[in-house]
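Note sheet for the following structure.
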Amino acid sequence: MNYKNANEFEQKLIQYRRDFHKYAEARWVEFRTSSKVAQVLSELGYDVLVGLDIIVPEECIGRPKEDLIEQEQKRAVNQGADPFWLKKMQGYTGVVGILKTKNPGPVTAFRFDIDALNNIEAKEKGHRPYDEGFVSVNEGYMHACGHDGHTAIGLGLAEVLMKMRDELCGTIKLFFQPSEEGGGGARAMVASGIADDVNYLFTGHIGLAHNGVPLNSHSIAGGCNDFLDNRRYDITFIGKAAHPCGDPHKGKNALLAACTAALNIHAIAPHGEGLSRVNVGVLNAGVSRNTIAPTAFLQIEARGDSDETAEYMEQRVLCIIKSTAQMYGLEYETKFMGSTPSAKSDKELVDVVLKTASTIEWFKEFHGEGNVGGSDDASEWMRKVQSNGGKATYIGLGADFAASFHNNYFDFDEGVLMPSVELFYKLAKEVCEKSEK
C-alpha cells in the first residue's frame with residue numbers, strides 16, 4: 001500500500017484503538033463507539049446507516065432494559081459521543097458505511113465487531129493500558145478480546161478505500177457490528193437485509209490459533225472452519241422456601257436441583273461424529289444460610305461443530321433440566337438466549353488471502369486454516385453471504401498477547417493494525433482484478 005505519511009497513519013490507528021479501549025462499551029450499549037465510527041465514516045464521505053436501517057429489534061436478544069440504555073447513552077454523551085448520531089440510532093448500536101465506486105463490479109464487504117466484555121480491567125503497573133493511560137474508565141467494561149483493534153482497523157480501511165476509490169470497483173460495505181460477545185448483533189443486522197447483495201465477505205480476528213498454537217505476530221491464517229454452533233439458555237428453578245431444621249420436608253430445594261443439573265450437564269457424553277462442548281457458566285441460588293433455597297438460576301451454553309452435534313447437546317441439556325425439576329418437585333422456566341451457527345471459510349478466498357498477505361512485509365508465517373477455538377457470530381454473516389451464492393472467509397491476524405483472551409490483563413501487539421489495513425485494502429483491489437478476468 002503506497003500511503004503517504006505511513007508512520008503518522010499508523011499512529012492514527014493506534015490512537016483509534018486506544019480511544020476505544022479507554023471508553024470500552026459492552027453488548028448493545030456501544031453508543032460512544034458507534035457514534036465515533038459513524039462520525040468518521042460520514043466525514044470521509046461514506047453513506048452511513050445506523051439504527052433501524054440496519055437493526056431488526058426483534059432479533060436483539062440480550063439487549064438491556066430501556067433504563068440502562070438511557071443511562072449508557074447519557075454516559076456516552078459525557079464521554080464525547082455526538083448527540084446527532086445517538087438520535088439517529090434510536091437506541092440501537094452498530095454502523096454500516098457504504099462506498100459506491102464509479103467502476104462496475106461486485107459488492108465486497110468487511111465486518112468488524114465493536115463490543116467490549118463485562119470484565120474489570122487490571123489497574124496496576126506492568127499492564128500497558130494502565131501504564132500508558134488508556135486503561136478502561138468504564139468500570140465493569142473492558143476490551144479483552146481485541147475488538148478495539150478490529151474497530152480501528154475498520155476505520156483505517158475506510159480512509160484508505162476512500163482515498164484509493166478510483167482503483168476499486170463495485171460497491172464496498174463496512175459492517176461495524178455490536179454485540180458479538182454473547183451473540184445477537186450479527187443476527188439483528190443480517191435480518192435487516194444489509195448483506196443480501198454481498199458477493200465477497202472478509203472478516204476475522206486478531207490472534208486465534210493454528211493447530212492449537214497461538215498465531216503470534218507476523219503470522220496469518222487465511223480462513224477458519226471450526227466455528228461451533230452455540231445455543232444459549234437461562235434456566236430458573238422455582239422451589240419452595242422452608243426452615244432447614246423445623247420444616248425441611250415442606251421445602252423444595254432449588255439449589256440442590258441446580259447443582260444436580262449442573263453436574264449431569266457436564267457429564268453429557270460427547271458426540272461421536274464431531275466436536276461438542278457444554279458449559280454451565282453461572283449458578284446463583286438461595287436467600288440465606290438458614291433457608292432452603294426457593295430459587296436457582298443457571299446460564300448454560302451447548303456447542304457443536306455442526307447443526308447435528310449442537311442439536312444433540314442442546315436436547316440433552318433440556319432433558320436434564322426437565323428431569324431434574326421433576327425429581328425435586330420443582331417448577332422451572334427456560335429462556336432461550338440466542339444461538340450462533342457453525343460456518344466454514346471458502347477455500348477460494350483462503351487462497352486469495354494468503355496470496356495477498358505474501359505481498360505484505362509484516363506477514364512471515366502463513367497457514368491455510370486457523371482455529372477459532374469456539375464461536376463467533378461472524379458465522380451469521382458468512383452463512384448469509386454463502387447462502388446467496390457469495391464467498392466468505394474468516395482470517396486469523398497473528399499478534400502477540402500479554403495475556404489470553406478475556407483475561408483482565410489482555411493486551412496485544414499494535415503492530416498488527418497497519419498491515420491488517422493494508423491486507424484488507426489489497427483484498428478489495430484483488431476482488432476487482434478477479435472480476436475483470
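Position 1 is the first residue of the sequence, and the numbers go up from there. The basis for the numbers below is simple: all heavy atoms, side chains too, and nothing from hydrogens, waters or symmetry mates.
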Parallel, tilted or perpendicular: rings of [Y] and [X] (30°, 60°):
X: F401; Y: F405; answer: perpendicular
X: H21; Y: F134; answer: perpendicular
X: W381; Y: F175; answer: parallel

Sequence neighbours excluded, every pair satisfying salt bridge (charged side-chain N to carboxylate O under 4.0 Å, His left out) that has a member inside residues 308-323: R231-E311, R231-E314
Flag the pair F424 / F202 as yes when their ring centroid distance falls below 6.0 Å, and as no otherwise. no
What about F227 and Y394, are their ring centers closer than 6.0 Å? yes
Quick test of your reading of the model: are [X] and [Y] salt-bridged, counting only N-O distances below 4.0 Å?
X: K426; Y: E422; value: yes
X: E380; Y: R111; value: no
X: D148; Y: K22; value: no
X: R27; Y: D115; value: no
X: D19; Y: R32; value: yes
X: D411; Y: R18; value: no
X: D351; Y: K347; value: yes

[Y] backbone acceptor or donor facing [X] side chain under 3.5 Å:
X: S276; Y: H271; value: yes
X: R17; Y: I14; value: no
X: T393; Y: L349; value: no
X: S34; Y: G94; value: yes
X: D113; Y: H147; value: no
X: N407; Y: A403; value: no
X: T324; Y: I320; value: yes
X: S35; Y: D82; value: yes
X: N199; Y: G390; value: no
X: H150; Y: I206; value: yes

Begin from the C-alpha positions of D413 and S217 and carry the test side-chain hydrogen bond (donor to acceptor under 3.5 Å, both in side chains) through to its verdict. CA-CA 7 Å; D413 178 5; S217 293; 2.7 Å; yes
Atom [atom1] of [X] and atom [atom2] of [Y]: how far apart are they, to the nearest 0.5 Å?
X: M162; Y: L157; atom1: CE; atom2: CG; value: 11.0 Å
X: Y312; Y: I268; atom1: OH; atom2: CD1; value: 6.5 Å
X: Y46; Y: L99; atom1: OH; atom2: CG; value: 5.0 Å
X: D47; Y: D53; atom1: CG; atom2: CG; value: 11.5 Å
X: L201; Y: N388; atom1: CG; atom2: CG; value: 12.0 Å
X: Q71; Y: I69; atom1: CD; atom2: CD1; value: 10.0 Å

Over 12 non-hydrogen atoms of neighbours within 6.0 angstrom of [atom1] in [X]:
X: Q315; atom1: CD; value: yes
X: K87; atom1: NZ; value: no
X: E132; atom1: CD; value: yes
X: E273; atom1: CD; value: no
X: L52; atom1: CG; value: yes
X: R75; atom1: CZ; value: yes

Could you go step by step and tell me if I98 and L49 meet the side-chain contact (heavy atoms from CB on, under 4.5 Å) rule? CA-CA 8 Å; I98 300 175; L49 302 177; 3.9 Å; yes
Side-chain heavy-atom pair [X], [Y] within 4.5 angstrom cut-off:
X: Q386; Y: K391; result: no
X: H205; Y: D376; result: yes
X: D346; Y: V350; result: no
X: D305; Y: D229; result: no
X: F366; Y: S358; result: yes
X: K364; Y: S219; result: no
X: L423; Y: I360; result: yes
X: L417; Y: E10; result: no

Side chains of [X] and [Y]: do they bring a donor and an acceptor to under 3.5 Å?
X: E430; Y: T356; value: no
X: N138; Y: Q79; value: yes
X: R303; Y: S375; value: yes
X: E124; Y: Y409; value: yes

Per the side chain to side chain contact (heavy atoms under 4.5 Å, CB included) rule, which among E121, E30, E72 passes with Y141? E72
In this structure, which one of N284, V280, D234 forms a side chain to side chain contact (heavy atoms under 4.5 Å, CB included) with L298?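 Only one option passes, and that is V280.
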For residues 208-216, which side-chain donor-acceptor pairs fall under 3.5 Å, sequence neighbours excluded?
unit_1	atom_1	unit_2	atom_2	d
H210	ND1	E369	O	2.8
H210	NE2	H367	ND1	3.3

Residue pair D377, Q177: steps toward the side-chain hydrogen bond (donor to acceptor under 3.5 Å, both in side chains) verdict: CA-CA 10 Å; D377 68 2; Q177 180 211 307; 2.9 Å; yes
Trace of the salt bridge (Lys or Arg N to Asp or Glu O under 4.0 Å) decision for D197 with K173: CA-CA 10 Å; D197 60 349; K173 295 185 176 183; 2.8 Å; yes
Over all heavy atoms of both residues, which pair between T309 and L275 is shortest? Give the atoms and the distance, please. OG1-O, 3.8 Å
Output, in order, the C-alpha distance, side-chain angles, deciding distance and verdict of side-chain hydrogen bond (donor to acceptor under 3.5 Å, both in side chains) for Y425 and E167. CA-CA 11 Å; Y425 159 67; E167 300 178 8; 2.7 Å; yes
Please report the C-alpha distance between F297 and F237 in whole Å, then the side-chain angles of each, then the deciding distance to 0.1 Å, and finally whether the ring pair (Phe, Tyr, Trp, His ring centres under 6.0 Å) criterion is met. CA-CA 6 Å; F297 173 77; F237 285 115; over 10 Å; no
